[in-house]
Amino acid sequence: LTQRKGDSTSPPAAAGSSTSSAPRTKAQQLVAQARGLFEPWDFASIDDFKLAERLLLEASELEPTNAEIWATLAIEAYGQYQFAYDQSDARDQLLRRAADRAIKLSPNSTRAKLGLAMRYRRGPGTNQEAEDLLRELAALQPTDRFILWQFGSALRRNNHNEEALACYERAAALPGADPIAHKVRAEILDNLGRVDEAMAAIEKAVTLRQDYALAHIVNLNLIGRHGGDVDLVKAALRRIPPTALSDERL
């Protein structure tokens, strides 16, 4: 699902972006275009990710020593793994190579550290390293929604549900709509047995983005597991627009 004109979702704050007013190079323009395609995350389709990757590979040929390009490529590569678009060995190799290249080129760069965190998230056996590095980045960039999403996800993977919930609540409290944060809040609240709050959170997510396919699935699961009758399920199904039904992850 690509973001369309009129959608209420605010794009995530750019992690490690430069505020320089200098004209951007061709490679930097390609990176910006790629980020616009895949950083909406839950709302980026497989085609968005694939096009973003082509743009980033082109940028890497233009500026092979630009750490931001390699870091962004690592983040994009992890996204394809997370959404099960591509979980091949070649994908893992690209993720590792891009992340290692970025951190070698710019060890203190926020963007390079984020790319390395994605490499750690993929593992194997580096979940805690991912959490620790993302904790550092979230402290450095407390208003970066994208980093908060990744930090919260790492916390969930390590079964730190209460802290993960607080992380997504921080993201949801930032200016602009964040249906992703509300969707994940619903999942965590349900895991914690706070069903009424979970239902309120998923309702918020669906209301903010009617085409949010993954949120509709969570909504149906919550209704089904917590005593919803057939009429409630039917009503929830009627709310799903055709654009959401076309999501390849369903």
Participant: Run the side-chain hydrogen bond (donor to acceptor under 3.5 Å, both in side chains) check on Thr207 and Glu203 step by step: do they pass?
Facilitator: CA-CA 6 Å; Thr207 300; Glu203 177 62 26; 3.2 Å; yes
Participant: Would the distance check show the side chain of Arg101 and the main-chain N or O of Pro64 forming a donor-acceptor pair, the cut-off being under 3.5 Å?
Facilitator: yes
Participant: Sequence neighbours left out, what passes salt bridge (charged side-chain N to carboxylate O under 4.0 Å, His left out) with Glu131? Give chain and number order.
Facilitator: Arg135
Participant: So, does Asp48 use its side chain to make a donor-acceptor pair with the main chain of Ser45 at under 3.5 Å?
Facilitator: yes
Participant: Would a 4.5 Å heavy-atom cut-off, applied to side chains only, mark Cys167 and Leu155 as touching?
Facilitator: yes
Participant: What pairs with Glu197 under salt bridge (charged side-chain N to carboxylate O under 4.0 Å, His left out), at least two apart in sequence or on another chain?
Facilitator: Arg194
Participant: Would you call Arg145 and Glu39 a salt bridge, using N to O less than 4.0 angstrom?
Facilitator: no
Participant: Apply the hydrophobic cluster definition, ILVMFWY joined by side-chain contacts under 4.5 Å directly or through others, and give me every member besides Leu148.
Facilitator: Leu174
Participant: Report yes or no: does Tyr168 contribute a side-chain atom to a donor-acceptor pair with the main-chain N or O of Ser153 at less than 3.5 Å?
Facilitator: yes
Participant: Look at the rings of Trp41 and Tyr78 and say which category their plane angle falls in: under 30° parallel, 30 to 60° tilted, over 60° perpendicular.
Facilitator: parallel
Participant: For Asn127, does its backbone N or O pair with a side-chain atom of Tyr120 as donor and acceptor, under 3.5 Å?
Facilitator: no
Participant: Mind running side-chain hydrogen bond (donor to acceptor under 3.5 Å, both in side chains) on Gln33 and Gln29 for me, showing each step along the way?
Facilitator: CA-CA 6 Å; Gln33 185 179 350; Gln29 292 174 31; over 6 Å; no
Participant: Do any N or O atoms from the side chain of Arg157 and from the backbone of Arg121 form a donor-acceptor pair under 3.5 angstrom?
Facilitator: yes
Participant: Going by side-chain hydrogen bond (donor to acceptor under 3.5 Å, both in side chains), name the residues that satisfy it together with Gln93, two or more places apart in sequence or in a different chain.
Facilitator: none
Participant: I'd like to know if the side chain of His160 reaches the main chain of Gly152, judged simply by a donor and an acceptor atom lying under 3.5 Å from each other, with no hydrogens or angles considered.
Facilitator: no
Participant: Under 4.0 Å between a side-chain nitrogen and a carboxylate oxygen: does that hold for Glu58 and Arg54?
Facilitator: no
Participant: Mind checking whether Arg91 and Glu53 have side chains closer than 4.5 Å, heavy atoms only?
Facilitator: yes
Participant: So, Trp70 side chain and Thr65 main chain: donor-acceptor pair closer than 3.5 Å or not?
Facilitator: no
Participant: Partners of Asp132 by side-chain hydrogen bond (donor to acceptor under 3.5 Å, both in side chains), sequence neighbours excluded?
Facilitator: Gln128
Participant: Got a sec, which pairs hit salt bridge (charged side-chain N to carboxylate O under 4.0 Å, His left out) with one end in residues 226-237, sequence neighbours left out?
Facilitator: none
